[in-house]
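Reminder, nothing fancy here: chain letters follow the sequence lines and each chain counts from 1.
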There are 2 protein chains.
Amino acid sequence: MDNLSASLEDYLEIICNLLETSQSVKAVEIAKKLNISRASVSEALMKLAEKDLIIYEGHKGITITPTGLKKAQEVILKHRTLTTFFENTLGLNNTIAEENACKIEHVISDEVFFRIKTFQEYCEKNKKFIEDFKEGHKNTSHE
Amino acid sequence: MDNLSASLEDYLEIICNLLETSQSVKAVEIAKKLNISRASVSEALMKLAEKDLIIYEGHKGITITPTGLKKAQEVILKHRTLTTFFENTLGLNNTIAEENACKIEHVISDEVFFRIKTFQEYCEKNKKFIEDFKEGHKNTSHE
DNA sequence: ACAAATAGTTAGGTTTACCTTACAATCGAT
DNA sequence: ATCGATTGTAAGGTAAACCTAACTATTTGT
């Protein structure tokens with residue numbers, strides 16, 4: 001149960017996301033999505049399978065294991081919470097929010113993550129406070 | 001002016017911090033601070049010197065160039081702003097705040113950084129809002 | 001069923017950032 | 001000035017994550 005690298009977390013996250021719309025995922029879809037070579041994806045998938053996070057049977061496609069799903073969902077929750085915080089509270093646009101969430105989700109600790117999550121929820125309940133903050137950025141870029 | 005890796009940004013940041021208390025810094029101090037080998041530091045310093053961010057003359061010590069200083073100060077500002085946000089607004093303890101700032105500072109974009117900075121300043125002016133949030137964590141760990 | 005297209009793998013290479021071990025240079029105390 | 005301690009460098013090695021080129025395996029269209 002050694003910790004995953006940022007890179008492997010990304011693969012797992014994408015697999016989980018792709019599995020929401022199809023039964024099984026193919027390596028080539030990941031290669032396209034990440035804009036990297038099929039060879040690199042192949043390597044990464046073997047590592048994930050080695051760690052029992054996915055079941056990988058070449059042309060038959062990729063399936064996620066319960067352990068893999070749990071890990072993927074943790075990363076996805078971090079991703080979504082950060083994106084929401086950047087968009088709804090800080091008032092940044094979706095592209096920037098996503099890009100940053102995608103990087104930060106791999107380095108943030110659980111403590112900071114949970115605190116941001118709670119803070120974000122607290123802010124949702126205090127629209128006025130946030131609206132007033134965002135007012136100050138109406139004329140700024142990246143809205 | 002290609003972008004620095006997280007690792008090289010860290011070296012530059014530490015050099016800049018150490019230079020605040022002494023005229024010139026030695027490689028061995030960095031090795032101790034980062035808990036890595038002298039050999040690795042030596043390598044990294046040659047890369048930074050190659051990029052004209054520091055002037056490195058072996059036993060004579062390390063000095064920072066104007067370009068290096070500018071870059072270092074950018075990273076340090078990110079570091080300090082994030083730490084302050086995590087501590088003062090989210091109410092996390094200094095250790096956790098520092099650890100996370102140290103990672104996030106290398107991956108966050110300027111847009112998100114500036115927005116967090118502005119938001120942090122906005123929060124400073126609205127103590128009540130933040131105090132009320134922090135009240136909810138009095139019994140939680142990581143205060 | 002079989003050729004072409006698509007998908008996956010293997011082999012060998014690169015870069016980054018670390019390591020250890022061994023050696024060289026410098027500093028500092030006597 | 002010299003010897004020992006400290007500091008820095010060189011050589012060679014590892015691991016992760018990517019690459020290309022060439023190969024194999026599978027799927028698909030006719």
Side-chain angles (χ1 to χ4, degrees), chain A residues 1-15 18-19 21-64 68 71-72 75 102-103 105-107, chain B residues 1-15 18-19 21-64 68 71-72 75 102-103 105-107:
Chain A
M1 253 185 225
D2 47 344
N3 274 337
L4 284 183
S5 65
S7 164
L8 290 186
E9 273 185 10
D10 264 335
Y11 282 105
L12 207 54
E13 194 182 357
I14 284 170
I15 291 165
L18 289 171
L19 278 172
T21 44
S22 47
Q23 243 60 30
S24 107
V25 183
K26 279 172 195 163
V28 71
E29 298 177 60
I30 298 169
K32 275 171 197 158
K33 200 135 210 168
L34 290 179
N35 210 32
I36 60 182
S37 73
R38 294 195 312 272
S40 299
V41 175
S42 186
E43 261 184 85
L45 293 178
M46 289 189 232
K47 282 183 199 168
L48 287 175
E50 174 68 32
K51 289 172 192 284
D52 293 312
L53 298 169
I54 61 166
I55 292 154
Y56 183 43
E57 305 171 287
H59 291 269
K60 283 190 182 173
I62 304 152
T63 335
I64 204 157
K71 183 68 202 168
V75 179
C102 216
K103 303 280 188 80
E105 69 193 17
H106 305 297
V107 300
Chain B
M1 253 185 223
D2 47 342
N3 273 338
L4 284 183
S5 65
S7 164
L8 289 187
E9 274 185 9
D10 264 336
Y11 282 105
L12 206 54
E13 193 182 358
I14 285 170
I15 291 165
L18 289 171
L19 278 172
T21 45
S22 46
Q23 243 62 27
S24 106
V25 182
K26 279 173 194 161
V28 70
E29 296 176 61
I30 299 168
K32 275 170 196 160
K33 200 135 208 168
L34 290 178
N35 211 31
I36 60 181
S37 73
R38 294 195 312 271
S40 299
V41 174
S42 188
E43 261 184 85
L45 292 179
M46 290 188 233
K47 283 183 196 166
L48 287 175
E50 175 67 31
K51 288 171 193 284
D52 292 313
L53 298 169
I54 60 166
I55 293 155
Y56 183 43
E57 305 171 286
H59 290 270
K60 282 190 182 170
I62 304 153
T63 336
I64 205 157
K71 182 68 202 167
V75 179
C102 216
K103 304 280 189 79
E105 68 191 19
H106 305 298
V107 299

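- Minimum heavy-atom separation, H106(B) to A6(B): CE1-O, 3.5 Å.
- Listed by residue number, the members of residues 55-63 of chain B with any heavy atom below 4.0 angstrom from DNA chain C are H59(B).
- By the 4.5 Å heavy-atom criterion applied to side chains, Y11(A) and V41(A) are counted as neighbours.
- Take E43(B) and apply the side-chain contact (heavy atoms from CB on, under 4.5 Å) test, not counting sequence neighbours, and it matches no residue.
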Taking distance alone, no hydrogens or angles, what donor-acceptor pairs closer than 3.5 Å link side-chain atoms of residues 27-40 of chain B to residues at least two apart or in another chain?
from, atom 1, to, atom 2, distance (Å)
E29(B), OE2, K26(B), N, 2.9
S37(B), OG, S40(B), N, 3.1
S37(B), OG, S40(B), OG, 3.0

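- When side chains are defined from C-beta on, I15(A) counts as touching L48(A), because their heavy atoms get closer than 4.5 Å.
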Pairs under 3.5 angstrom, nitrogen or oxygen only, protein versus nucleotides 17-23 of chain D, please.
from, atom 1, to, atom 2, distance (Å)
dA17(D), OP1, S5(A), OG, 2.2
dA17(D), OP2, K47(A), NZ, 3.4
dC18(D), OP2, S7(A), OG, 3.0
dC18(D), OP2, Y11(A), OH, 3.1
dC18(D), N4, E43(A), OE2, 3.1
dC19(D), OP1, S37(A), N, 3.4
dC19(D), OP2, S37(A), N, 2.9
dC19(D), OP2, S37(A), OG, 2.9
dC19(D), OP2, S40(A), OG, 2.6
dC19(D), N4, E43(A), OE2, 3.3

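- Within the 4.5 Å cutoff, the side chain of L4(B) has heavy atoms near those of the K51(B) side chain.
- Contact check, S42(A) against dG8(C): no side-chain N or O comes under 4.0 Å of OP1 or OP2.
- With axes fitted over five pairs at each extremity, the angle between the ends of the helix from dA1(C)-dT30(D) to dT30(C)-dA1(D) is 10° (10° resolution).
- Per the geometry, CD1 belonging to I30(A) stands 12 Å off C1' belonging to dG8(C), to the nearest Å.
- Remark: E13(A) pairs with no residue by the salt bridge (Lys or Arg N to Asp or Glu O under 4.0 Å) rule, at least two apart or across chains.
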